[in-house]
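The sequence lines fix the lettering, A, B, ..., with proteins before strands; numbering per chain opens at 1. Scope of the values below: all heavy atoms of this structure, side chains included, with no hydrogens, waters or symmetry mates.
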2 protein chains.
Amino acid sequence: MAGSTSARRAGGRTRLSRESILDRYIELADRSGGTEVSLRALGESMGVDPTAVYRHFRSKDELLTAVTDRLLAGVVDAFEPTGDWRLDLRALALLTRGVYLSHPRLARLLAHSPSSHPSNASLIEACLAALRSAGLGDADAAAAVELMENYVAGVSSLNAEMGDAEDGAWRRELAALPPVRYPHVTAVADRLYRGDDRNFEFGLDLILDGLEARAGLISSLPARGP
Amino acid sequence: MAGSTSARRAGGRTRLSRESILDRYIELADRSGGTEVSLRALGESMGVDPTAVYRHFRSKDELLTAVTDRLLAGVVDAFEPTGDWRLDLRALALLTRGVYLSHPRLARLLAHSPSSHPSNASLIEACLAALRSAGLGDADAAAAVELMENYVAGVSSLNAEMGDAEDGAWRRELAALPPVRYPHVTAVADRLYRGDDRNFEFGLDLILDGLEARAGLISSLPARGP
DNA sequence: ACCTGAACACCGTTCAAGT
DNA sequence: ACCTGAACACCGTTCAAGT
């Protein structure tokens, strides 16, 4: 191969564009799990001045907004609805979790970017379709979709922050506490912090259980006056 | 009063200590809602060289760890158990949420600091006491306490990041989407993003409902062999 | 024992200058 | 039209020097 790090300087014309910048940024972010990718590192990786990105994006925030949109679009594309609302919500949640696990920073960003997220709207649409088909009323469906977004983004990005190498340090520390003062902690310490994914799904299923109960409650009501 | 910004230079001896640094840091963090407090700003506020803090804390992370411990200790102190496990878990969750709302950064920090958080252990102890008194088995109680921590810290710190001034921009944008492509979104858009606190409690209650169902399930079983 | 001040290695961003 | 390069205003942190 003539260039695995091709754009470094080899080809001559480096042809920067919004798309090529997004590609490279995501590649770098995926590779250096967790730590922020600086515009200087991005520029160097593309064989270009660190400030060249500013000719295509107004700011780093705008770049990250575009990154978010692309990654969420990937979620929408990968999602294959089954018609079973529980399975569908579960699939959407796990797919979205994958995005935030590899890009923890995006959660905070999406939280306060009030525009240009078409793929986010598609994601909400898919969630709402499942929630309403479950039999939830408009108020509950609206609350539920917002909750799902916050739960997935909040918990997953938090999980991603600690990332590697916690290998039970917490568990051991809690287990070593004096049992007289911490009877409950020491009693169950060996069951604590045994994997974020499992715990995420535990919470997800509790929420889905709760939604199912609410939906069943409504549909089993005799009638409902306005 | 001789000095509202007393430590600036007035008194002469500025007497730095771990306690006085923590006091001032929390004060500054509370005041400048959301934006990070730099060590330079902290030093200036105390009338002291920006690097003087390093004589009392090994790093900024160690400082923030101490801040976390103090704030969580405040939660444990403020908590008054009622004996009703649901009320108690709710109270603990809302008190802890308050900490992360005013100090969003702490969630990420607590996530990967594997030591010296006695107040965190007390918090877990209080949660576990409530969960076990609800009738949950050890495995469920352990999963539940971890979930509660992640839910409260993850969602609340995410809520805090967006902070002020989102005043329905999202809602208006979603409502303005083409109804043909986004039928569900446009149908419920006016019910979306109407306050983080309400949605936080909606999710919290769903989780508590789910836990209650699990506890009831177990205690209504005929018996359980080992 | 504690604080200072210069210095180092980073950030995101702006702007005049190049081509 | 796009990229460069110096510069600005920030970071956390280190370390020799002061008192």
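Here dC11(C) presents its P atom at 17 Å from CD of Glu36(B), a figure rounded to the nearest Å. Straight-line distance from the CD1 atom of Ile21(A) to the P atom of dC3(D): 8 Å, rounded to whole Å. Residue Arg105(B) contributes atom CZ, which lies 13 Å from atom P of dC11(D) at whole-angstrom precision. Between the C1' atom of dC10(C) and the CD atom of Glu44(A) lies a distance of 14 Å, rounded to the nearest Å. In this structure, Leu42(B) places its CG atom 17 Å from P of dC10(D), rounding to the nearest Å.
Under the side-chain hydrogen bond (donor to acceptor under 3.5 Å, both in side chains) criterion, Arg105(A) pairs with Glu36(A), sequence neighbours left out. Every residue meeting the salt bridge (charged side-chain N to carboxylate O under 4.0 Å, His left out) condition with Arg70(A), not counting sequence neighbours, appears here in chain and number order: Glu19(A), Asp23(A). Residues that satisfy the side-chain hydrogen bond (donor to acceptor under 3.5 Å, both in side chains) test with Ser156(B), not counting sequence neighbours, are Arg97(B). Residues passing the salt bridge (charged side-chain N to carboxylate O under 4.0 Å, His left out) test with Glu149(B), sequence neighbours excluded: none. Every residue two or more places apart in sequence or in another chain that forms a salt bridge (charged side-chain N to carboxylate O under 4.0 Å, His left out) with Arg58(B) is listed here: Glu62(B). Every residue meeting the side-chain hydrogen bond (donor to acceptor under 3.5 Å, both in side chains) condition with Asp88(B), not counting sequence neighbours, appears here in chain and number order: Thr82(B). Taking Phe200(B) as the reference, Tyr151(B) meet the ring pair (Phe, Tyr, Trp, His ring centres under 6.0 Å) condition, with sequence neighbours excluded.
Between Asp49(A) and Ala41(B), the residue anchored nearer the 5' end of DNA chain D, judged by the nucleotide with its closest heavy atom, is Asp49(A).
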Applying salt bridge (Lys or Arg N to Asp or Glu O under 4.0 Å), run through Arg40(A) and Glu44(A) and close with a yes or a no. CA-CA 6 Å; Arg40(A) 282 172 167 85; Glu44(A) 197 204 10; over 6 Å; no

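Applying the side-chain hydrogen bond (donor to acceptor under 3.5 Å, both in side chains) test to every pair with at least one member in residues 46-55 of chain A, sequence neighbours left out, gives these pairs: Asp49(A)-Thr51(A). Sorted by first and then second residue, the side-chain hydrogen bond (donor to acceptor under 3.5 Å, both in side chains) pairs with a member in residues 174-186 of chain A read His184(A)-Glu125(B); sequence neighbours excluded.
With no hydrogens or angles considered, a side-chain donor-acceptor pair links Ser17(A) and Ser20(A) at under 3.5 Å.
Between dC3(C) and His56(B), a contact under 4.0 Å exists linking OP1 or OP2 to a side-chain N or O.
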Collect all protein-nucleotide pairs involving nucleotides 17-19 of chain D in which both atoms are nitrogen or oxygen and the distance is under 3.5 Å.
none

Give me, pair by pair, the N or O atoms of the protein and of nucleotides 13-16 of chain D that are less than 3.5 Å apart, along with how far apart they are.
{"residue": "dT13(D)", "atom": "OP2", "partner": "Tyr54(B)", "partner atom": "OH", "Å": "2.7"}
{"residue": "dT13(D)", "atom": "OP2", "partner": "Lys60(B)", "partner atom": "N", "Å": "2.9"}
{"residue": "dT13(D)", "atom": "O5'", "partner": "Tyr54(B)", "partner atom": "OH", "Å": "3.0"}

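Helical stems in DNA chain C, defined as runs of 3 or more consecutive Watson-Crick or G-U wobble pairs with donor-acceptor distances under 3.5 Å: C:4-8 with D:12-16, C:12-16 with D:4-8.
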